[in-house]
Amino acid sequence: MNITIIGTGYVGLVTGTCLAEFGHHVTCVDKIEEKINQLKKGKIPIYEPGLDTLVAKNITEGRLCFTTDLTTAIPEAKAIFIAVGTPTSRRGDGYADLTYIHAAAKEIAPYLDNYSVIINKSTVPVGTARQVERIIQSENPKANFDVASNPEFLREGAAINDFMRPDRIVIGVESEEAKQVLHDIYKPLYLLERPIISTSIETAELTKYAANAFLAVKISFINEIANVCEAIGADVADLAKAIGMDGRIGSKFLHPGPGYGGSCFPKDTLALMRIVQEYGENVRIVSAAVEVNSAQKARMIKKIRDMLGGSESGKTIGVLGLTFKPETDDMRDAPATTIIPALLERGAKIRAHDPKGMEESQKCLPPEVQYVKNAYEAVENADAVILMTEWNQYRALDLEKIHSTMRKAVFIDLRNVYEPARMKELGFEYSCIGRK
Ligand code: UDX
């Protein structure tokens with residue numbers, strides 16, 4: 001099938017590349033010429049494991065191409081995915097900014113000669129597919145098309161696997177013809193027996209928000225329980241294992257930490273809160289999760305201060321990991337972007353390392369941060385080390401070497417990577433989340 005993807009951001013690029021890998025002929029369109037020129041050469045603007053190889057392979061095999069020109073990409077496509085950005089509105093009210101979606105609908109409308117399905121892949125408020133439908137109809141009353149919603153559930157760092165082996169595919173469709181097109185797109189997944197759930201368009205749109213909000217609630221829940229564990233001397237790692245073995249609860253997303261970040265949870269929880277308000281409803285539990293998440297980041301700053309004897313002033317702190325999670329270079333809403341500026345403001349010196357995120361960090365962290373080549377350089381003569389993101393390379397550090405090079409052996413493990421007993425044995429003053 002000929003498929004066109006509008007937008008070569010994270011979602012558009014992964015979707016387009018994986019659909020090409022399925023065997024479809026995919027054209028990815030973006031307005032930014034420089035980006036398209038780079039992509040044509042196989043150069044990827046983001047770090048996502050395995051994506052560069054897959055892009056190069058599909059370009060070579062002739063199933064994936066990149067262009068800035070809509071005029072040929074649209075009439076030839078049976079399916080058009082809109083995968084443009086929906087950032088939080090600059091008005092600061094939590095709404096998703098739909099400017100790019102509306103612009104995409106307007107731009108594709110004149111070229112919709114043959115029947116095609118316009119599929120929203122971006123995370124969009126309920127009702128957006130209808131807006132797209134109205135925009136296209138008013139721009140081109142003769143256009144022959146259906147709209148559909150097909151939310152993505154990709155995790156950064158694992159996006160290709162998530163696309164190729166999804167737990168489920170959700171399609172919001174209203175006509176048999178559109179449903180058939182969506183089924184044909186995902187046919188390669190029938191072999192793996194991945195379920196396709198067909199719903200109304202509104203249900204599909206809301207499903208994405210509900211899924212992300214539920215996961216955010218789960219993380220905030222375990223973060224609060226971890227704090228309770230600290231207060232009463234219990235161990236959250238054992239507790240999470242014990243409750244996670246209950247099939248009704250499940251063991252995933254029960255890792256306490258410095259609070260969730262990234263491009264989805266912070267943005268989508270806020271957007272959901274605003275959407276439901278319009279309908280006179282409430283998602284109190286989601287509002288609480290958002291509040292707990294901010295409090296968790298603030299709590300981390302206090303934890304660090306306490307471990308430094310009450311003041312960060314003049315202290316050198318080595319920071320290991322800056323991105324919001326491992327295996328990405330994404331710094332959006334990363335806990336580091338809240339914690340590091342607060343420490344700098346109180347006079348700390350920050351020496352930071354991240355395997356992939358140092359370039360992005362320089363765009364969003366204060367210029368005083370010093371970047372170093374590896375974990376050991378970050379902790380040299382430091383008064384404390386903070387393990388901020390659990391990259392694999394920080395899981396097996398030479399702890400004796402670290403201990404001997406630090407000025408004060410204070411180890412603050414915000415991801416519970418190390419065993420408290422072992423750290424004590426090695427002579428560290430050690431603090432983690434929810435464990436003694
Ligand atoms: C998330 C959803 O998982 C995905 O389905 C959706 O499409 C996009 O949003 P992503 O943001 O890439 O994906 O990362 P995820 O692995 O879900 O982690 C999000 C944040 O939660 C990270 O900051 C992570 O550190 C944190 N987290 C996750 C925890 O603190 N504890 C956990 O147990 C799990």
Side-chain angles (χ1 to χ4, degrees), residues 9-12 14-15 18 46-49 51 83 85-86 96 121-124 150-163 165-170 204-205 207-227 236-237 239-241 243-244 249-272 289-290 292-297 299-300 321-339 354 356-357 387-391 394 413-417 432-434:
Y10 192 84
V11 171
V14 172
T15 304
C18 291
I46 49 166
Y47 173 69
E48 177 63 35
L51 186 59
T86 52
K121 197 75 180 154
S122 308
T123 304
V124 290
N150 172 218
E152 55 81 20
F153 301 99
L154 310 174
R155 283 165 306 161
E156 291 186 24
I160 290 170
N161 189 56
D162 285 352
F163 197 98
R165 288 169 202 78
D167 290 338
R168 77 310 202 184
I169 296 146
V170 178
E205 288 174 335
T207 299
K208 173 64 197 264
Y209 284 105
N212 275 353
F214 187 85
L215 294 171
V217 166
K218 209 170 171 190
I219 297 168
S220 278
F221 174 81
I222 201 66
N223 281 341
E224 271 203 323
I225 293 292
N227 298 340
V236 74
L239 181 146
K241 204 182 286 170
I243 63 170
I249 296 174
S251 59
K252 291 182 181 157
F253 278 70
L254 284 180
H255 304 288
Y260 59 76
S263 65
C264 286
F265 291 170
K267 171 170 80 77
D268 295 348
T269 44
L270 290 185
L272 179 62
V290 170
V292 168
N293 199 52
S294 303
Q296 187 69 0
K297 290 179 184 170
R299 192 181 167 103
M300 297 303 108
L322 297 165
T323 51
F324 82 98
K325 64 183 254 186
E327 296 304 331
T328 176
D329 60 354
D330 200 335
M331 287 295 296
R332 282 176 286 180
D333 273 305
T337 61
T338 309
I339 297 171
D354 188 282
K356 295 285 175 198
L387 205 168
M388 188 87 78
T389 314
E390 70 281 29
W391 285 88
Y394 303 144
D413 180 358
L414 301 186
R415 299 288 183 168
N416 286 3
V417 167
C432 56
I433 317 267

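Ligands are counted one by one from 1 in listed order, and the atoms in each one are counted from 1 as well.
E327 places no side-chain N or O within 3.5 Å of a backbone atom of P49 that could act as its donor or acceptor partner. Put simply, the side chain of T86 never gets that close to the backbone of V124: no donor and acceptor are under 3.5 Å apart. In this structure a side-chain-to-backbone donor-acceptor pair under 3.5 Å is present from T15 to V11. Not one N or O on the side chain of S251 forms a donor-acceptor pair closer than 3.5 Å with the backbone of G244. For the pair K208 (side chain) and E152 (backbone), a donor-acceptor distance under 3.5 Å is present. Listed for the D354 side chain is a donor-acceptor partner under 3.5 Å among the backbone atoms of L322.
Residue N212 approaches ligand 1 through these ligand atoms, each under 4.0 Å from one of its heavy atoms: 2 (C), 6 (C), 9 (O).
Regarding atom 6 (C) of ligand 1, its nearest protein heavy-atom neighbour is L154 O, 3.3 Å. The protein heavy atom nearest to atom 12 (O) of ligand 1 is E156 N, 2.6 Å. Nearest protein neighbour of atom 9 (O) of ligand 1, counting heavy atoms only, is C264 CB, 3.1 Å. Shortest contact from atom 17 (O) of ligand 1 to any protein heavy atom: F253 CZ, 3.2 Å. Closest protein heavy atom to atom 5 (O) of ligand 1: F153 O, 3.0 Å. For atom 3 (O) of ligand 1, the closest non-hydrogen atom on the protein side is R155 CG, 3.3 Å. The protein non-hydrogen atom at the shortest distance from atom 32 (C) of ligand 1 is H255 O, 3.6 Å.
Within the set Y10, Y260, F324, F265, the minimum heavy-atom distance to atom 11 (O) of ligand 1 is found for F324. When E327, R332, K325, K252 are checked for heavy-atom proximity to atom 10 (P) of ligand 1, K325 turns out nearest.
In E152, the parts holding a heavy atom less than 4.0 Å from any atom of ligand 1 are both the side chain and the backbone. At a heavy-atom distance under 4.0 Å, only side-chain atoms of I219, from C-beta outward, approach ligand 1. Residue contacts with ligand 1 for N223 are absent, since no atom lies close enough (heavy atoms, distance under 4.0 Å).
By the 4.0 Å heavy-atom criterion, R415 is counted among the residues contacting ligand 1. For the ligand labelled ligand 1, residue K208 lies inside the 4.0 Å heavy-atom shell.
Heavy-atom neighbours of F221 CZ from other residues, nucleotides or ligands within 6.0 Å: at or below the threshold of 12.
Taking the ring centre of Y394 as origin, the terminal cationic atom of R415 falls outside the region bounded by 6.0 Å and 45° from the ring axis. Note that K218 lies outside the cation-pi zone of F253, set by a 6.0 Å cut-off to the ring centre and a 45° limit from the axis.
Using modelled atom types, one finds no donor on one side chain facing an acceptor on the other under 3.5 Å when comparing E156 with Y10.
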